[in-house]
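Note that ligands are numbered from 1 as they come in the structure, with each ligand's atoms numbered from 1 the same way.
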Amino acid sequence: MAYDFDLYVIGAGSGGVRAARFAAGFGAKVAVAESRYLGGTCVNVGCVPKKLLVYGAHFAEDFEQSRGFGWSLDEADFDWATLIANKDHEINRLNGIYRNLLVNSGVTLHEGHAKLLDPHTVEVNGQRFTAKTILVATGGWPQIPEIPGREHAISSNEAFFLKALPKRVLVVGGGYIAVEFAGIFHGLGAETTLLYRGELFLRGFDGSVRKHLQEELTRRGMDLQFNADIERIDKQADGSLNVTLKDGRQLQADCVFYATGRRPMLDNLGLENTRVTFDNKGFVEVDELYQTAEPSILAIGDVIGRVQLTPVALAEGMAVARRLFKPEQYRPVDYNLIPTAVFSLPNIGTVGLTEEQAREAGHEVQLFESRFRPMKLTLTECQERTLMKLVVDARTDKVLGCHMVGPEAGEIVQGLAIALKAGATKRDFDETVGVHPTAAEEFVTMRTPVAG
Ligand SMILES: Cc1cc2nc3c(=O)[nH]c(=O)nc-3n(C[C@H](O)[C@H](O)[C@H](O)COP(=O)(O)OP(=O)(O)OC[C@H]3O[C@@H](n4cnc5c(N)ncnc54)[C@H](O)[C@@H]3O)c2cc1C
């Protein structure tokens with residue numbers, strides 16, 4: 001049967017754009033449908049605008065610390081509307097770049113909501129298109145629990161477009177998005193509480209990292225409330241929010257921000273017209289080739305709920321494009337040693353196994369840990385400490401994990417990830433000459449193991 005397209009991609013986010021562009025570059029006839037914004041979550045309501053807001057928040061401490069270096073500034077004044085307008089302008093520019101990337105690589109762009117009518121047919125804006133293969137790359141969506149008053153709460157989608165910086169913000173959640181936004185609001189001057197129902201935030205990160213960040217955020221004056229959850233939210237006559245916790249306590253806020261997880265975006269996608277199956281959390285089930293239970297339908301990125309990060313969606317998109325249209329270049333995605341950062345203030349950077357994961361995997365673990373006050377702070381009042389930690393296999397000397405809390409941790413860990421990927425041992429770290437004076441050199445000068 002002749003199809004309109006070789007590949008029809010639903011969703012022009014990180015994974016979809018990558019797959020579409022490269023498939024077209026390999027000579028395939030490709031279309032992509034996008035219902036909301038080109039570039040998807042990352043560009044519009046994720047990584048990019050978030051990092052811009054983190055930069056914005058960071059200036060507060062820069063101004064403060066500059067005094068130790070002889071600078072005197074009048075009272076710093078922050079204008080939220082300017083930050084948001086400039087951020088929007090930059091995102092518009094990026095949207096244009098994504099449009100050009102697609103169009104210039106020969107991809108047909110359909111701007112509208114796509115719905116599957118059958119395993120080979122998609123409907124967009126009332127028009128039907130057929131394709132040999134359909135790639136579902138529809139991403140995820142924030143989830144706010146069904147509590148009374150949930151309509152008064154916002155998610156990350158709305159936070160990027162708030163008209164004004166709220167005076168008192170209650171951030172709910174213990175994942176990286178909650179921690180990052182708490183840092184943004186706090187850094188920009190809002191009274192910020194981070195509320196999480198578990199013992200300690202950032203489950204899955206190294207225990208030392210989690211504790212260190214807890215201490216640093218507390219030292220900065222952020223209100224951390226663990227083992228706490230919201231029962232209901234009531235709007236007051238003055239527009240403020242009265243939040244009742246499950247333990248009966250009441251908190252007052254001007255904004256309640258939920259970052260308690262993301263669901264796959266499957267709304268009105270028509271997957272019921274196919275044999276596609278779902279896992280117990282509702283994510284699309286795929287095999288190692290991103291093949292769903294329906295032979296003509298593949299899925300990648302956040303919608304499969306594997307590792308919900310942009311570089312992973314990009315790698316999956318690339319793998320699909322190559323496997324379908326350039327099989328001689330196909331390489332499976334390697335999910336080991338994916339480095340990540342949390343752009344909290346201070347940042348977290350991490351790659352490889354945590355101490356807890358290494359022990360659980362049966363490694364005889366040797367730990368190296370350093371906590372120090374960075375040189376940049378020595379002329380300032382700021383008492384912030386940086387943490388660096390190496391998790392090493394005592395038998396093989398292989399470095400299993402690198403973890404850091406401190407300025408530019410994400411930047412530093414990217415380089416270390418290459419070393420770990422290449423199988424670096426602790427001896428390789430020791431024999432590497434440091435860059436002096438930097439904080440990063442501490443990673444190659446930790447000599448004495450700490451008691452684990
Ligand atoms: C606040 C926040 C911060 C983040 N920060 C980071 C970070 O710092 N680093 C990092 O690596 N990752 C980060 N992420 C995660 C990252 O954004 C995602 O992992 C990534 O965007 C997933 O790409 P994707 O292609 O799967 O989906 P998306 O990028 O979500 O793209 C899906 C696209 O599909 C479109 N779509 C959905 N349904 C349809 C339909 N039926 N028809 C047509 N179009 C449709 C959507 O409009 C969307 O544009 C962050 C996410 C959030 C929410």
K.L.:
Could you identify the single nearest non-hydrogen protein atom to atom 11 (O) of ligand 1 and state the distance to 0.1 Å?
P.N.:
T310 N, 2.9 Å
K.L.:
Are any of the N/O atoms in R262 less than 3.5 Å from those in ligand 1?
P.N.:
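No, no N or O pair falls under 3.5 Å.
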K.L.:
Look at atom 21 (O) of ligand 1 and find which of C42, G317, G46 reaches it with the closest heavy atom.
P.N.:
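That would be C42.
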K.L.:
Judging by distance only, is a nitrogen or oxygen of D267 under 3.5 angstrom from one on ligand 1?
P.N.:
no
K.L.:
Would G112 count as a contact residue for ligand 1, given that I'm defining contact as a non-hydrogen atom of the residue lying under 4.0 Å from a ligand atom?
P.N.:
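The answer is yes: ligand 1 sits under 4.0 Å from a heavy atom of G112.
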K.L.:
Would you say A114 and ligand 1 have an N/O pair spaced under 3.5 Å apart?
P.N.:
yes
K.L.:
Can we say K389 and E355 salt-bridge, meaning some charged N sits less than 4.0 Å from an Asp/Glu carboxylate O?
P.N.:
yes
K.L.:
Which protein non-hydrogen atom lies closest to atom 9 (N) of ligand 1, naming both residue and atom, and how far is it?
P.N.:
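Going by distance alone, atom 9 (N) of ligand 1 is nearest to C47 SG, 3.8 Å.
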K.L.:
Report the nearest protein non-hydrogen atom to atom 8 (O) of ligand 1: residue, atom name, distance rounded to 0.1 Å.
P.N.:
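Answer, as residue, atom name and distance: K50 NZ, 2.5 Å.
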K.L.:
Would K167 and D254 pass as an ion pair if we require N to O under 4.0 Å?
P.N.:
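Looking at K167 and D254, the cut-off is not met.
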K.L.:
Under 4.0 Å from a heavy atom of L309: which atoms of ligand 1 are those, numbered in the order shown and with their elements?
P.N.:
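Once the distances to L309 are compared, the set is 10 (C), 11 (O), 12 (N), 19 (O).
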K.L.:
Against heavy atoms of G40, which atoms of ligand 1 measure under 4.0 Å?
P.N.:
29 (O), 31 (O), 48 (C), 49 (O)
K.L.:
Looking only at distances, please establish whether an N/O atom of ligand 1 is found under 3.5 Å from an N/O atom of G15.
P.N.:
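Indeed, backbone or side chain, G15 has an N or O that close.
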K.L.:
Report yes or no: does L38 have a heavy atom closer than 4.0 Å to ligand 1?
P.N.:
no
